[in-house]
Amino acid sequence: MIRINDVYQSYGPGTRALKGIDLRIDDGEFVFIVGPSGSGKSTLAKLITAELRPSEGRVVVNDFNTSKMKMSEVPYLRRTLGIVFQDFRLIERKTVYENVEFAMRIVGASPREIKRRVSYVLDLVGILHKARRKPTELSGGEQQRVAIARALVNNPNTIIADEPTGNLDPDRSLEIMMLLQHINDLGTTVIVVTHEKELVNQFDKRVVAIDGGLIISDRQGGYFQYEQT
Amino acid sequence: MNRHNILYFFREGVKSIFSHGFMSLASVTVMITCLLLTGTVLLLVLSVNLTIESMVTLGDIRAYVDETYTREEAEALENKLRMIPNVSGVDFIPNDRALEEMRDEFGTDAWLLDGLEYDNPLRHSYRIMVVDIDEYDQTIDDIESVPGIAEVHSSRESVNRLSVIRNVLGTVSIALVLLLGAVAVVIISNTIKLATFDRREEIAIMKMIGATDGFIRFPFIVESVILSQVAALIAFGLQWLAYTYIVSIGLSSIELIEMVDFSTVRYYFLGGFMGIAFVFGVLGSIISIRKFLRV
């Protein structure tokens, strides 16, 4: 569960990216966070992943209060999250399998556990047949699948994807979104930060719209309609 | 640290060494040079120390008994001499034994001393050994103040001079360890910095997927430990070979200084080199990676 209470975020004197945000995301939800460039949606994502600490207010993510937690606790918060980036952020010198395996190695999983789980998630995202390839040998859509597999492999409570389809064509974007929906159906909370109106409107999900550092709309089964509000 | 990851850390550390081979070679070379310089000064300190010690412990102090004393009276001084602090041994040399020793020294000219045994002009004396050479001056003063001791001969001047040399070399060696240690830390840290810079994206990814600082840092520490230990082993081998060679070709013929036998100190040197290199290596890697962990 994610709870954000009265959060302000400043990047310096006079630069406020968020101006008093309140948001609650329950376990098992699928939420789109939408808004134009510079609206504060990526800042919100960074607050959830503890890349940023709130200037004011409280952010609680999977029982970790990021406003008060020590730096040494951040890795343990991130292990409850699966983070997917727009630019995939795969390690090029490692194979697909190694990229995913690596995330399990970090948490100290046993080799047997790693073997079983990595094969499972690669199969789940439909990329098992390319396990021995390097990321540079894959298309953008395939690379994003690997990134999702890596985010999933430690069985996180929440997947947070910041513009996951930003580098993909519309067909691949839809595939990735369908995959995220499938993951959500399996019980994982999914938060997708995006500005792709067409894509959001194809799914009947909760849509939180941000503009100018404020939540201007939060509708269950809503559409990407912040422009009209 | 998880036991499943030990092999992984080692593998990553070794890979990293070869991925920027030139810098690794440079850091090993600089570290070898630092260790060799420090080791050489240390060997000089040890040799000077050995020279001083052998001078004083072999009994370079000779205390001559007043010539009016009979043999029995002279022998009675032994207890008083033994009670002086810092005296480790006392050897009474009666005048007849002194004459015998002189005969031995004269060798084929010993006939010159014929007849002296009937009217021996030599005095009874004591050869005295001391424990701590820092108390040398005081000990000689104490011996001189014993009633019945007429004269004391010693290498006070030489011992004092060698002590000064030893102290200066000791200070130089400490300064060298610190100075060259700093150089070693800088070069190792630059090597690791290059490796971390090379992999900064990877480190950022690791941080985002929940890696602890320790997990990220460990392969770099392994790398610096391997580099520093290789440098220590090579430096040790070179030090041994060079020192043994130099002693064998000439220095051993200079009687002023008694050169320390490397085989007696080799384990200390090996342990010292490896220990110093380890500390500086780990320090260098920890310093260099810190900034890349702030994600």
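Residue numbers begin at 1 in each chain, while the letters A, B, ... track the order of the sequences.
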Nearest heavy atoms of Arg105(A) and Phe215(B), plus distance in Å
O-CE1, 3.8 Å

Is there a side-chain contact between Ile205(B) and Arg150(A) (heavy atoms, below 4.5 Å)?
yes

Just wondering, more than 12 heavy atoms not from Glu201(B) lying within 6.0 Å of its CD?
no

Exceeds 12 heavy-atom contacts within 6.0 angstrom, atom OH of Tyr268(B)
no

Please say whether more than 12 non-hydrogen atoms of neighbouring residues, nucleotides or ligands are located less than 6.0 Å from OH in Tyr8(B).
yes

Enclosure of Lys46(A) NZ (heavy-atom neighbours >12, cutoff 6.0 Å):
no

Just verifying a value: how many Å separate Ile160(A) CD1 and Met208(B) CE, rounded to the nearest 0.5 Å?
9.0 Å

Greater than 12 external heavy atoms within 6.0 Å of Lys15(B)'s NZ:
yes

Heavy-atom count check: over 12 atoms from other residues, nucleotides or ligands less than 6.0 Å from Phe10(B) CZ?
no

Working to the nearest 0.5 angstrom, can you tell me the gap between Thr49(A) OG1 and Ile209(B) CD1?
13.5 Å

Quick check: closest heavy atoms across Met206(B) and Ile106(A), and the distance to 0.1 Å?
O-CD1, 4.1 Å

Leu90(A) versus chain B, heavy atoms under 4.5 Å apart: side chain, backbone, both or neither?
backbone

Check: Arg93(A) and Glu202(B) side chains under 4.5 Å, non-hydrogen atoms:
yes

State, yes or no, whether a side-chain contact exists between Arg79(A) and Thr212(B) at a heavy-atom distance under 4.5 Å.
yes

For the pair Arg78(A) (side chain) and Ala211(B) (backbone), establish whether a donor and an acceptor sit closer than 3.5 Å, ignoring hydrogens and angles.
no

